[in-house]
Amino acid sequence: MALAPLTFSTDNHGWAELLPHRQPTKTLTGTHRVPWVVIGAGVTGLSAARRLAENNPNDQVLLLDARQLGQGASGRNSGYAVAISQFSGAFDKEQERNYRRIARINTQGLDLLRQQVGDLGINCQWQEDGYYHTAADAASLKEYDHFKDHLNRLGYEHTLLNKDDLTERLGTSLYQAGIHVPKGVLLQPAALVQGLGDNLPANVTLYENSPVLKINRGEPCHLELENGQITADKVIVATNYEAPKLGFLNRYIMGSTLSGSFTRQLTNDELSDLGSLKEWGVLSLHSGGATVRLTRDNRISLRNTAEYHGAVLMSDTFLSKRRDIHRAAFEKRFPQLSHVPFEFSWSGVEGISQNFTNFFGRQAPNIYLAGGYNGSGVSRGTAFGAALADYACNISSDLVDDCLASVPATWIPPRPFLDIGAFFKVKMRFIGVGSDR
């Protein structure tokens, strides 16, 4: 049974609303016969389409998105391109190879993005100075010790910071300890996605607001859209948490809905009440702690809720209630800015697996899929997209091998057990969060 177009809902709250108006590309209509189709124009799909075009310069590639560029999950994250991932808990010697494998994937994705942003002249507020992992309460201070040991054992560059150091840099006295990891990037996620989508190779055609409603498997595949049909030799699915809608990863991936708020732009006087840094990003060392940024355009962004919400965005009514949680966290960190209002709030959905693994590989003889980044999709999704395109073209590489080495995902039970289990799984990340929220 085919989906309905409204299955892929969206709203006008997100990082894209901070950018100048952009005219979307046309929707797909009519009948098409092509060698390649990529479904999903987030960072994974954009990366896959670009690499397919490079590998096959004489082939036409269709890139389809159900929404406008920047309105999907890739334009709704907090804009961190991670190189070094934090793993909760004590360092596990038996997992060292896996730690290093994930860091290699992240780093290659970051390298690809850096080259593309530079070569294409994309203005996405690229800031390559890393970010801060911080701790304010007992549980996160324990994770501080674990992460410090992790970084030392793996030989990754970092700087330890005390409360005074963090207060001087960030302008908040909330955090008791922190670690600055210089390898990583802050960026405007919607600007990145729009820039990549507006500068695709000549043999890639992007269609926005063009959801695929049904995939009829076979060789070739037949794709049904509201006002069009496509026959394709090979298909790449890069829809992350929405893969089950198209018949993939059912019971293996779920969506966690997060929410956050932006302040209005701060004045020069208000900025002077903050720390010495003009732009920064904070990742809590507690899994339920707030992600906070001072952006290049002088806003503070704070995100500190995550919940199972049926893998959809929040209505304005739901979002207004979450805004109260954002507000309390903001004023706790920045009492000197308690008079500064939020300009708007937003929600976004991340794809997570039961055992926090990623998905990569062949789903059918001519269908390939990548996704499930558990909150680290900007760099990792870029790497997975390029590697999946190579894999679909029978091109081998160390990156392909690293992506294929992702451990199998744990099965998720069906509804209503899914709803109950997902609710408690997401809720557990906030146990002991305390002041870090």
Side-chain angles (χ1 to χ4, degrees), residues 15-16 19-20 22 24-25 36 38-57 59 61-65 68-84 103-131 183-208 236 238 240 281 296 360 370-371 373 376-393 395 397-400 402-403:
W15 289 78
L19 301 174
R22 171 188 168 276
T25 62
W36 299 95
V38 178
I39 305 174
V43 290
T44 300
L46 288 162
S47 181
R50 184 173 300 277
R51 184 61 65 89
L52 286 176
E54 293 168 351
N55 291 342
N56 307 278
D59 284 354
V61 180
L62 297 189
L63 175 59
L64 311 174
D65 200 273
Q68 294 183 29
L69 283 179
Q71 287 291 11
S74 291
R76 292 176 178 269
N77 59 73
S78 288
Y80 292 73
V82 173
I84 308 301
R104 288 195 300 270
I105 294 171
N106 291 344
T107 299
Q108 289 204 50
L110 189 58
D111 291 344
L112 284 169
L113 279 177
R114 183 187 303 107
Q115 180 178 349
Q116 292 167 11
V117 167
D119 290 349
L120 300 172
I122 297 173
N123 180 13
C124 62
Q125 301 178 19
W126 184 276
Q127 173 68 19
E128 192 153 3
D129 188 36
Y131 29 81
K183 192 173 183 181
V185 168
L186 299 172
L187 49 82
Q188 216 282 19
L192 173 71
V193 172
Q194 290 184 6
L196 292 171
D198 289 338
N199 291 277
L200 289 163
N203 55 330
V204 178
T205 303
L206 169 66
Y207 292 97
E208 297 174 71
I236 285 181
N240 204 8
R296 184 170 300 179
F360 180 93
Y373 306 118
S376 298
V378 177
S379 52
R380 200 174 306 171
T382 299
F384 268 59
L388 192 63
D390 284 346
Y391 185 59
C393 295
I395 298 172
S397 69
D398 291 340
L399 177 59
V400 169
D402 277 340
C403 294

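- Between R51 and the options L112, I236, I395, a side-chain contact (heavy atoms from CB on, under 4.5 Å) holds for only L112.
- Contact check on R22 versus D198 returns a salt bridge, with a Lys/Arg side-chain nitrogen under 4.0 Å from an Asp/Glu carboxylate oxygen.
- Minimum heavy-atom separation, T44 to A238: CG2-CB, 3.8 Å.
- Separating the CG atom in L113 from the CG atom in L196 is a distance of 6.5 Å, to the nearest 0.5 Å.
- Tested against S379, the residues V82, T107, D111, V43 include a single side-chain contact (heavy atoms from CB on, under 4.5 Å) partner, V82.
- Around atom CG of D119, more than 12 heavy atoms belonging to other residues, nucleotides or ligands sit under 6.0 Å away.
- Taking OG1 of T205 as the start and CG of L200 as the end, the distance is 9.0 Å to the nearest 0.5 Å.
- L62 contributes atom CG, which lies 10.5 Å from atom CD1 of I39 (distance to the nearest 0.5 angstrom).
- One finds the OG1 atom of T382 at 7.0 Å from the CG atom of L192 (value rounded to the nearest 0.5 Å).
- Annotation: side chain of L52 is in contact with side chain of C393 (closest heavy-atom distance under 4.5 Å).
- N203 and D59 form no side-chain donor-acceptor contact under 3.5 Å, judged by distance and modelled atom types alone.
- Taken to the nearest 0.5 Å, the CG atom of L120 stands 5.0 Å off from the CZ atom of R50.
- Distance CD/E128 to CZ/R114: 4.0 Å, rounded to 0.5 Å.
- L19 has its side chain within reach of Q188: a pair of non-hydrogen atoms, C-beta onward, lies under 4.5 Å apart.
- F384 and Y373 have perpendicular rings, their planes meeting at more than 60° on a 0 to 90° scale where under 30° would count as parallel.
- Although no hydrogens or angles enter the test, the distance criterion places a donor-acceptor pair under 3.5 Å between the side chain of E208 and the main chain of L69.
- Looking only at distances, a side-chain donor or acceptor of R76 sits under 3.5 Å from a matching main-chain atom of Q71.
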